[in-house]
Amino acid sequence: AVIVGVSSIVWIRYQAGDYEYSVDTVPAAEVALIPGAQVYQSGQPSPYLAARLELGRRLLESGKVKALLVTGDNGRPSYDEPTAMRSYLVSKGVPENKIALDYAGFSTYESCVRAHEIFGVRKAIVVTQDFSLPRTIALCRDAGIDATGIGDHTQPHNLVYNKCWLRDQIAASKAV
């Protein structure tokens with residue numbers, strides 16, 4: 001199990017290493033793909049999701065992308081990540097016509113495949129947390145998207161972060 005886990009993490013990081021950038025240095029693309037994350041019962045995005053959305057907003061504002069594709073879970077009537085993401089972005093001044101929603105992004109892999117097959121994305125900047133970025137880039141590239149990415153580094157490295165980091169290392173094995 002240890003060998004599989006470590007090998008998966010190494011492979012993911014190898015696949016994505018040359019494609020990680022900052023907001024200022026990332027090459028332009030048509031769209032930024034922003035995978036969903038927790039939305040509170042109030043409809044407000046969690047700090048992790050809000051940080052991703054802010055990076056996407058900055059990419060749009062700077063002209064690095066022309067549109068945002070927000071993708072997430074809407075598998076039950078009481079939970080809707082994409083609509084909450086759009087509401088947040090619109091409240092921050094992003095024009096609604098610059099935001100596309102994918103309501104069936106139940107996993108990072110599904111979000112990447114759907115972006116390519118359903119939305120026709122061929123080149124994108126993926127936006128997620130720093131610990132998820134290599135896996136997200138590798139999965140999108142495997143799905144046929146010429147993906148680069150930027151990762152958020154602003155969230156505190158506390159117990160929640162450590163749980164997310166560990167979860168992502170396990171997800172790397174699943175991704176491979």
Side-chain angles (χ1 to χ4, degrees), residues 8-38 45-72 81-82 85-86 88-89 92-95 98-102 105 107-117 119-157 160-162 164-169 171-176:
S8 298
I9 293 165
V10 168
W11 183 83
I12 290 285
R13 296 203 184 291
Y14 174 76
Q15 292 296 315
D18 293 337
Y19 303 105
E20 295 181 39
Y21 294 89
S22 70
V23 173
D24 297 327
T25 62
V26 69
E30 291 292 313
V31 66
L33 173 64
I34 308 172
Q38 182 183 18
S46 65
Y48 283 94
L49 182 54
R52 294 177 190 185
L53 295 168
E54 280 301 314
L55 287 173
R57 184 191 62 74
R58 287 177 52 200
L59 287 170
L60 190 64
E61 188 176 79
S62 70
K64 294 277 185 167
V65 297
K66 296 178 182 174
L68 305 175
L69 173 56
V70 297
T71 175
E81 290 174 358
M85 294 164 76
R86 177 182 57 203
Y88 178 89
L89 289 164
K92 299 294 183 178
V94 175
K98 297 288 184 179
I99 307 167
L101 284 75
D102 175 13
S107 70
T108 304
Y109 177 73
E110 289 172 315
S111 293
C112 293
V113 168
R114 288 178 55 79
H116 185 261
E117 293 181 3
F119 292 88
V121 174
R122 299 297 178 254
K123 183 175 182 179
I125 301 170
V126 295
V127 181
T128 190
Q129 264 60 49
D130 53 353
F131 56 83
S132 294
L133 187 59
R135 180 175 57 87
T136 305
I137 291 171
L139 287 171
C140 282
R141 294 186 76 77
D142 186 65
I145 299 172
D146 180 9
T148 57
I150 57 173
D152 172 63
H153 301 76
T154 65
Q155 295 308 298
H157 292 184
V160 172
Y161 173 89
N162 290 333
C164 293
W165 179 87
L166 179 59
R167 179 191 165 278
D168 205 75
Q169 302 318 301
S173 296
K174 180 182 173 189
V176 171

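Fair warning: this is a prediction, and the values are worked out from it, not measured in the lab.
What you find for P134 and F131 is that their closest heavy atoms are CD-O, 4.1 Å. When all heavy atoms are compared, the tightest approach of P35 to L49 is O-CD1, 3.9 Å. Heavy-atom minimum distance, S111 versus T71: OG-OG1, 3.0 Å. Closest approach of V70 and M85 over heavy atoms only: CB-CE, 3.5 Å. Across all non-hydrogen atoms, the minimal contact from A32 to L59 is CB-CD1, 4.0 Å.
We find the CG-CD distance between L133 and E20 to be 4.5 Å, quoted to the nearest 0.5 Å. Considering CD of Q129 and CZ of R52, their distance stands at 4.5 Å, rounded to 0.5 Å.
Side-chain contact between L33 and V121 is absent, with no heavy-atom pair separated by less than 4.5 Å.
Ion pair E54/R57 flagged as a salt bridge, since at least one NZ, NE, NH1 or NH2 atom sits closer than 4.0 Å to an Asp/Glu carboxylate oxygen.
The side chain to side chain contact (heavy atoms under 4.5 Å, CB included) test applied to T108 returns C112, R135, T136, L139, not counting sequence neighbours. Applying the side chain to side chain contact (heavy atoms under 4.5 Å, CB included) rule to R122 yields the partners H116; only residues at least two apart in sequence or on another chain are considered. Evaluation of the side chain to side chain contact (heavy atoms under 4.5 Å, CB included) rule for A29 yields K123, I125 as partners, not counting sequence neighbours.
When the shell of 6.0 Å around CZ of F119 is examined, it contains more than 12 heavy atoms from other residues, nucleotides or ligands.
Using modelled atom types and a 3.5 Å distance limit, the side chains of T154 and D152 yield a donor-acceptor pair.
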